[in-house]
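Note that this is a predicted model, so its numbers are computed, not measured. Just so you know, these numbers use all the heavy atoms, side chains as well, and skip hydrogens, waters and symmetry mates.
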Amino acid sequence: MSSLSSSRPTLGPASLAIRALALLILLFGLYFVIFGSWLILLGGSWYYTPCGILLCISGVYLFRLSPVGAWSYLLAWALTIPWTIYEVGFHFWGWLPRLFGPTLIAIAVATCLPYLLRNQKDNIHA
């Protein structure tokens, strides 16, 4: 076997699942950028457009099986918390729609992180 073939990521179940997650995050990111920009024009919150850009970055890097994608999603998730506090304070029912879905995706992304780090390490040493 050549060294070139060993440095390529495999198309196993883990990488396919990560790529499916990446596409979902990219679609959310595009939605946030498009409609977040519209919301800015209407005088609304500036949160969605920058968050959408970060989600698009995350989706692209996750699709490439890079841990940068996971870290960028987790950054977007972490920045959602202060935005939520700014928007609704500490009212639980206001937090629920803003954090529940992103937290579920953050759990999935965090679960992928060991695979991504191992894949990155294998590609560096190949």
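- Nearest heavy atom pair, residue L113 against residue A70, reads CD1-CB, 3.4 Å.
- Residues passing the side chain to side chain donor-acceptor pair (under 3.5 Å) test with Y47 are T80, sequence neighbours excluded.
- Across F32, F28, Y31, a single residue satisfies ring pair (Phe, Tyr, Trp, His ring centres under 6.0 Å) together with Y48, and that is F32.
- For I107, the side-chain contact (heavy atoms from CB on, under 4.5 Å) partners are T103, T111, not counting sequence neighbours.
- Cluster membership for L74 and L26, using ILVMFWY side-chain heavy atoms within less than 4.5 angstrom, is not shared.
- You'll find the side chain of S66 stays beyond 4.5 Å of the side chain of L116, heavy atoms only.
- Across A110 and P114, no two heavy atoms sit closer than the pair O-CD, 3.5 Å.
- Residues forming a side-chain contact (heavy atoms from CB on, under 4.5 Å) with W46 (at least two apart in sequence, or on another chain): I40.
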Stepwise, does the side-chain contact (heavy atoms from CB on, under 4.5 Å) test hold for L65 with Q120? CA-CA 8 Å; L65 301 177; Q120 180 187 38; over 6 Å; no
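- Following chains of ILVMFWY side-chain contacts shorter than 4.5 Å, one can reach V88 starting from I81, so the two form part of one hydrophobic cluster.
- The cluster map of Ile, Leu, Val, Met, Phe, Trp and Tyr, joined by side-chain heavy atoms under 4.5 Å apart, puts I53 and W38 in different clusters.
- In terms of heavy-atom proximity, A22 sits nearest to L62 at CB-CB, 3.6 Å.
- In terms of heavy atoms, S37 sits closest to T49 at N-OG1, 3.0 Å.
- For residues 58-79, no residue pair satisfies the ring-ring contact (aromatic ring centres under 6.0 Å, His included) rule, not counting sequence neighbours.
- Atom OG1 in T84 sits 10.5 Å away from atom CG in L79 (nearest 0.5 Å).
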Under 3.5 Å, which donor-acceptor pairs link side chains of residues 90-98 to any protein atom two or more places apart or in another chain?
| from | atom 1 | to | atom 2 | distance (Å) |
| --- | --- | --- | --- | --- |
| H91 | ND1 | G94 | N | 3.4 |
| W95 | NE1 | G89 | O | 2.6 |
| R98 | NH1 | G94 | O | 2.8 |

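- L30 and L24 are members of different hydrophobic clusters when ILVMFWY side chains are connected at heavy-atom separations under 4.5 Å.
- Residues I34 and V60 do not share a hydrophobic cluster, clusters being chains of Ile/Leu/Val/Met/Phe/Trp/Tyr side chains in contact below 4.5 Å.
- Residues G69 and S58 come closest through the heavy atom pair O-OG, 2.7 Å.
- Take A76 and apply the side-chain contact (heavy atoms from CB on, under 4.5 Å) test, not counting sequence neighbours, and it matches C51, L54, L55.
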